[in-house]
Amino acid sequence: MQDEYRTVARAGVHETEINRSRFLCALAPAATEQEAQEFIAAVRKEHADATHNCWAYVIGADASVQKASDDGEPGGTAGVPMLQMLLRRDMRYVVAVVTRYYGGVKLGAGGLIRAYGGAVGEALDALGTRTRRRLRLATVTVDHQRAGKLQNDLRATGREVRDTRYGEAVTLAIALPEADVDAFRAWLADATAGTAAFEPGGEAYGDA
């Protein structure tokens, strides 16, 4: 797994105008290829009267799925520059659709490449990005007497408590960076006088 990746902070649209052509770049996070394709279909439906709806998406923390379409623009002048911009910015789990309303002035191949890639870059700047970091999931089991204080201590030190289950003991589901696991074990032993149990689990991504 990648240690971290970046994705778009939120879905949104950013518009630019180049030589009287309007370029509307719609960006959205997409957890799966199906989500990306559904977003593309929704934008195409909304802008069915547009000259072109070109798109690109990158799925997977390791960018394992990369696809793009020129949607009628000259080959390689729209979808590929859009995809290259996403990759250059280390974007993952993201879909971009650039809708063009032709304004009567031809841009030429170089102009189109700059326009489509630039539209994505400007949209990323306008909407913002966020970094997702690889985390180690783990469970901490502690007695009821110490549970409340431990939860407060975890939050005070910025640890993410994802779930709390109450039984004979209290089980807390947490997530922390891999590099912090050993230090966390030592902190936990100190905070609970060695009474808490720590059980590492799988991996997931969370906000850095």
Side-chain angles (χ1 to χ4, degrees), residues 1-14 25-40 56-67 83 85-97 120-121 123-144 146-167 169-192 195-208:
M1 290 174 74
Q2 300 281 109
D3 282 338
E4 62 180 44
Y5 67 87
R6 295 168 71 199
T7 192
V8 65
R10 60 187 174 86
V13 181
H14 180 73
C25 180
L27 284 174
T32 63
E33 192 169 2
Q34 184 180 347
E35 274 187 31
Q37 290 169 349
E38 286 171 356
F39 180 77
I40 293 164
Y57 56 78
V58 182
I59 308 295
D62 56 355
S64 56
V65 179
Q66 304 175 21
K67 292 192 178 172
L83 181 62
M85 181 60 72
L86 293 175
L87 294 171
R88 195 178 308 148
R89 297 287 192 95
D90 293 323
M91 300 300 293
R92 306 289 187 265
Y93 294 107
V94 64
V95 55
V97 183
V120 173
L124 289 171
D125 291 339
L127 296 173
T129 62
R130 60 181 179 147
T131 300
R132 306 274 287 169
R133 182 183 298 164
R134 182 161 58 118
L135 299 173
R136 171 65 61 187
L137 302 176
T139 54
V140 173
T141 306
V142 67
D143 60 54
H144 286 271
R146 288 187 168 87
K149 182 177 186 305
L150 179 59
Q151 284 175 289
N152 289 336
D153 289 347
L154 285 166
R155 292 193 179 93
T157 55
R159 305 293 184 191
E160 181 187 357
V161 179
R162 293 188 162 202
D163 188 33
T164 305
R165 292 193 301 279
Y166 297 92
V170 180
T171 304
L172 307 174
I174 63 167
L176 60 158
E178 188 72 47
D180 294 356
V181 169
D182 290 341
F184 179 80
R185 283 180 188 271
W187 175 87
L188 182 66
D190 188 50
T192 63
T195 62
F198 177 83
E199 186 69 36
E203 295 178 323
Y205 285 97
D207 288 331

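Note that these values count all heavy atoms, side chains included, but never hydrogens, waters or copies made by symmetry. Throughout, residue positions are numbered sequentially from 1 according to the sequence presented.
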Q) Sub-3.5 Å donor-acceptor pair from the side chain of R165 to the main-chain atoms of V170, do we have one? A)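 Checking the backbone N and O of V170 against the side chain of R165, no donor-acceptor pair under 3.5 Å is found.
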Enter the distance from [X]:[atom1] to [Y]:[atom2] here, rounded to the nearest 0.5 Å.
X: M85; Y: R88; atom1: CE; atom2: CZ; result: 4.5 Å
X: K149; Y: L154; atom1: NZ; atom2: CG; result: 10.0 Å
X: Y166; Y: H144; atom1: OH; atom2: NE2; result: 8.5 Å
X: T141; Y: L172; atom1: OG1; atom2: CG; result: 8.0 Å
X: I59; Y: E35; atom1: CD1; atom2: CD; result: 8.0 Å

Q: May I ask you to check whether F184 and F198 place their ring centres under 6.0 Å from each other?
A: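 When the ring centroids of F198 and F184 are compared, they turn out to be within the sub-6.0 Å range.
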Heavy-atom closest contact ([X] atom, [Y] atom, distance):
X: P29; Y: A11; value: CD-N, 4.0 Å
X: A61; Y: Y5; value: CB-CD2, 3.8 Å
X: P200; Y: R136; value: CB-CD, 4.3 Å
X: A169; Y: V142; value: CB-O, 3.5 Å
X: L135; Y: A175; value: CD1-CB, 3.8 Å

(Q) Quick check on salt bridge (charged side-chain N to carboxylate O under 4.0 Å, His left out): which of R134, R159, R133 does D180 satisfy it with? (A)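 Of the listed options, the one satisfying the test is R159.
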(Q) One pair to check against side-chain contact (heavy atoms from CB on, under 4.5 Å): R6 and R132. What are the steps and the verdict? (A) CA-CA 6 Å; R6 295 168 71 199; R132 306 274 287 169; over 6 Å; no
Does [X] reach the side chain of [Y], with side-chain heavy atoms less than 4.5 Å apart?
X: T7; Y: R92; value: no
X: V94; Y: F39; value: no
X: L127; Y: H14; value: no
X: P177; Y: E4; value: no

(Q) Under the criterion side-chain contact (heavy atoms from CB on, under 4.5 Å), I'd like the reasoning laid out for L150 against L188: C-alpha separation, chi angles, the key distance, then a yes or no. (A) CA-CA 9 Å; L150 179 59; L188 182 66; 3.9 Å; yes
**Q.** D125/R89 under side-chain contact (heavy atoms from CB on, under 4.5 Å): CA gap, chis, key distance, verdict
**A.** CA-CA 10 Å; D125 291 339; R89 297 287 192 95; 3.1 Å; yes
Q.
Can you tell me which residue among L83, L27, T129, V120 is in a side chain to side chain contact (heavy atoms under 4.5 Å, CB included) with M91?
A.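 So the option named by the test is T129.
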Q. Looking just at side-chain N and O atoms, do R146 and T192 make a donor-acceptor pair shorter than 3.5 Å?
A.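 There is no such pair between these side chains.
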